[in-house]
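Here is the structure we will look at, set down as C-alpha cells.
Quick note: numbers below take in every heavy atom, side chains included, and nothing from hydrogens, waters or symmetry partners. Residues: numbered from 1 along the sequence shown.
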Amino acid sequence: MHTDASLVVEFLNTVNVEEGADLLEHPGSWREWAAGHALTANPAAEARAARDALRASIGDPRLPGGSVDVGTRISLTDAGPALMADDVVGAVFAACTRLVVRGDWIRLKICPADTCLWAFYDESRNRSRTWCSMRVCGNREKARGWRARAATG
C-alpha cells in the first residue's frame with residue numbers, strides 16, 4: 001500500500017540525477033510504473049512538467065519554479081469527501097494536497113548533494129534531516145568539508 005508521501009517521493013524520483021536516468025524517457029517503463037500504482041500514465045511531457053515543478057518547489061536547485069494546473073475531483077465516499085484522480089499527475093497532486101492539509105508538506109525534501117538530488121520524506125521528529133542518507137551523502141559531504149578545511153588550515 002502506498003502512502004501519500006511514498007507516492008509523491010516515488011514520482012519525484014522517477015529521475016535519477018546520479019545515474020543520469022529518467023523513467024519518463026522510456027514509454028513502456030513509464031506506463032508500467034503508473035500501472036504498478038493503479039493509475040493511468042500521463043503523457044511524458046505533462047508528467048515531466050509536473051515533476052519538475054514539484055521538485056523545484058521542494059528545493060531542487062537545477063530547476064526553475066513554475067505553476068502547473070492539474071485536474072482532480074472530489075468524491076463523496078463512505079468515509080466522507082475525498083480528493084481523487086485516475087492519472088499519475090492528478091493522484092500525486094492530490095497526495096501533495098493532503099500532505100499540505102496535514103502539515104507534512106515541509107517533510108518533503110531534496111538531498112543537497114550535487115551528485116544526488118534524491119527526493120525523500122523527512123520522518124525525523126523535529127523535521128531537521130538534511131541528507132537522503134547520512135551514511136552515503138551526508139558522510140561524503142562532511143568528508144569533503146573536512147578535507148577542504150584541512151587543506152586551508
Pairs involving residues 36-89, ordered by first then second residue, that meet ring pair (Phe, Tyr, Trp, His ring centres under 6.0 Å) (sequence neighbours left out):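 Listed by first then second residue: His2-His37, Trp33-His37.
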Nearest-0.5 Å distance that lies between atom [atom1] in [X] and atom [atom2] in [Y]:
{"X": "Ile58", "Y": "Leu54", "atom1": "CD1", "atom2": "CG", "value": "7.5 Å"}
{"X": "Leu99", "Y": "Phe93", "atom1": "CG", "atom2": "CZ", "value": "12.5 Å"}
{"X": "Trp30", "Y": "Arg48", "atom1": "CH2", "atom2": "CZ", "value": "10.0 Å"}
{"X": "Cys111", "Y": "Glu18", "atom1": "SG", "atom2": "CD", "value": "9.0 Å"}
{"X": "Ile110", "Y": "Leu12", "atom1": "CD1", "atom2": "CG", "value": "6.0 Å"}
{"X": "Asp4", "Y": "Tyr121", "atom1": "CG", "atom2": "OH", "value": "9.0 Å"}

Can you find a heavy atom in the side chain of [X] that is under 4.5 Å from one in the side chain of [Y]?
{"X": "Thr115", "Y": "Val17", "result": "no"}
{"X": "Leu117", "Y": "Pro61", "result": "yes"}
{"X": "Leu23", "Y": "Val15", "result": "no"}
{"X": "Asn13", "Y": "Val9", "result": "yes"}

Minimum heavy-atom distance between [X] and [Y], given as atom pair plus value:
{"X": "Val8", "Y": "Val92", "result": "CG2-O, 3.9 Å"}
{"X": "Ala41", "Y": "Val88", "result": "CA-CG2, 4.2 Å"}
{"X": "Cys132", "Y": "Cys137", "result": "SG-SG, 3.7 Å"}

For His26, all residues meeting ring pair (Phe, Tyr, Trp, His ring centres under 6.0 Å), sequence neighbours excluded: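 Testing His26 for ring pair (Phe, Tyr, Trp, His ring centres under 6.0 Å), a comparison that skips the adjacent residues, returns none.
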With Trp118 via ring pair (Phe, Tyr, Trp, His ring centres under 6.0 Å) - residues at least two apart: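 Per chain and number, Trp118 pairs via ring pair (Phe, Tyr, Trp, His ring centres under 6.0 Å) with no residue.
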Residue pairs involving residues 49-62 (criterion side-chain hydrogen bond (donor to acceptor under 3.5 Å, both in side chains); sequence neighbours excluded):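 Only Thr14-Arg51, Asp22-Arg51, Arg55-Asp60, Asp60-Arg62 qualify under side-chain hydrogen bond (donor to acceptor under 3.5 Å, both in side chains).
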Those residues that, when tested against [X], pass side chain to side chain contact (heavy atoms under 4.5 Å, CB included) (two or more places apart):
{"X": "Arg129", "value": "Phe120, Asp122, Ser124"}
{"X": "Ala53", "value": "Val68"}
{"X": "Ala82", "value": "Thr77, Met84"}
{"X": "Ile74", "value": "Pro81, Leu83"}

Under 3.5 Å donor-acceptor, Asp104 side chain and Arg107 backbone: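 No.
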Any donor-acceptor pair under 3.5 Å from Lys109 side chain to Trp131 backbone: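 No: the side chain of Lys109 does not pair with the backbone of Trp131.
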All side chain to side chain donor-acceptor pair (under 3.5 Å) counterparts of Asp69, not counting sequence neighbours: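 Testing Asp69 for side chain to side chain donor-acceptor pair (under 3.5 Å), a comparison that skips the adjacent residues, returns none.
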Under the side chain to side chain donor-acceptor pair (under 3.5 Å) test, residues paired with Asn42 that sit two or more places apart: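 For Asn42 the side chain to side chain donor-acceptor pair (under 3.5 Å) partners, ignoring immediate neighbours, are Glu46, Asp87.
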Salt bridge (Lys or Arg N to Asp or Glu O under 4.0 Å) partners for Arg73, two or more places apart: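 For Arg73 the salt bridge (Lys or Arg N to Asp or Glu O under 4.0 Å) partners, ignoring immediate neighbours, are Asp86.
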Partner set under salt bridge (Lys or Arg N to Asp or Glu O under 4.0 Å) for Arg31, not counting sequence neighbours: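 In terms of salt bridge (Lys or Arg N to Asp or Glu O under 4.0 Å), with neighbours along the sequence ignored, Arg31 is linked to no residue.
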Within 6.0 angstrom of Asn126 CG, more than 12 heavy atoms from elsewhere: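 More than 12 within 6.0 Å, yes.
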Co-membership, hydrophobic cluster, residues Val70 and Trp105, 4.5 Å side-chain: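 Linked, Val70 and Trp105 end up in one cluster.
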